[in-house]
Amino acid sequence: MSIPLDVLVDKENNVYEMTCVAVSLANVLAANGDEEIENNNGKVVSTVLERVLLEDIEYSVDDKE
């Protein structure tokens, strides 16, 4: 599995926001395990980035000020 760079380049979303989501999800999946990560030879970052970039996960942003 490789990171879909073409999708990354074409994204118009907030990169900081997507990075925060990816880091949070990576921490959860690394701690709890995930079948897709196991099938991907334990590559947490690649798996999570692909999910975030391809919008396989849904998230919301809390505006905390």
Closest heavy-atom contact between L49 and A22?
CD2-CB, 4.1 Å

If you compare all heavy atoms of A26 against all heavy atoms of V48, which two are closest, and at what distance to 0.1 Å?
CA-CG2, 3.8 Å

Could you tell me the separation between the CG atom of D34 and the CG atom of N40, rounded to the nearest 0.5 Å?
10.0 Å

If I take atom OG1 from residue T47 and atom CD1 from residue I37, how far apart are they, to the nearest 0.5 angstrom?
5.0 Å

Please answer whether the main-chain N or O of V28 pairs with a side-chain N or O of N32 as donor and acceptor at a distance below 3.5 Å.
yes

Nearest 0.5 Å, please: how far is NZ in K43 from CD in E38?
15.0 Å

To the nearest 0.5 Å, how far apart are CZ in R51 and CG in L54?
11.0 Å

Please report the interatomic distance SG(C20) to CG(L25), rounded to the nearest 0.5 Å.
12.5 Å

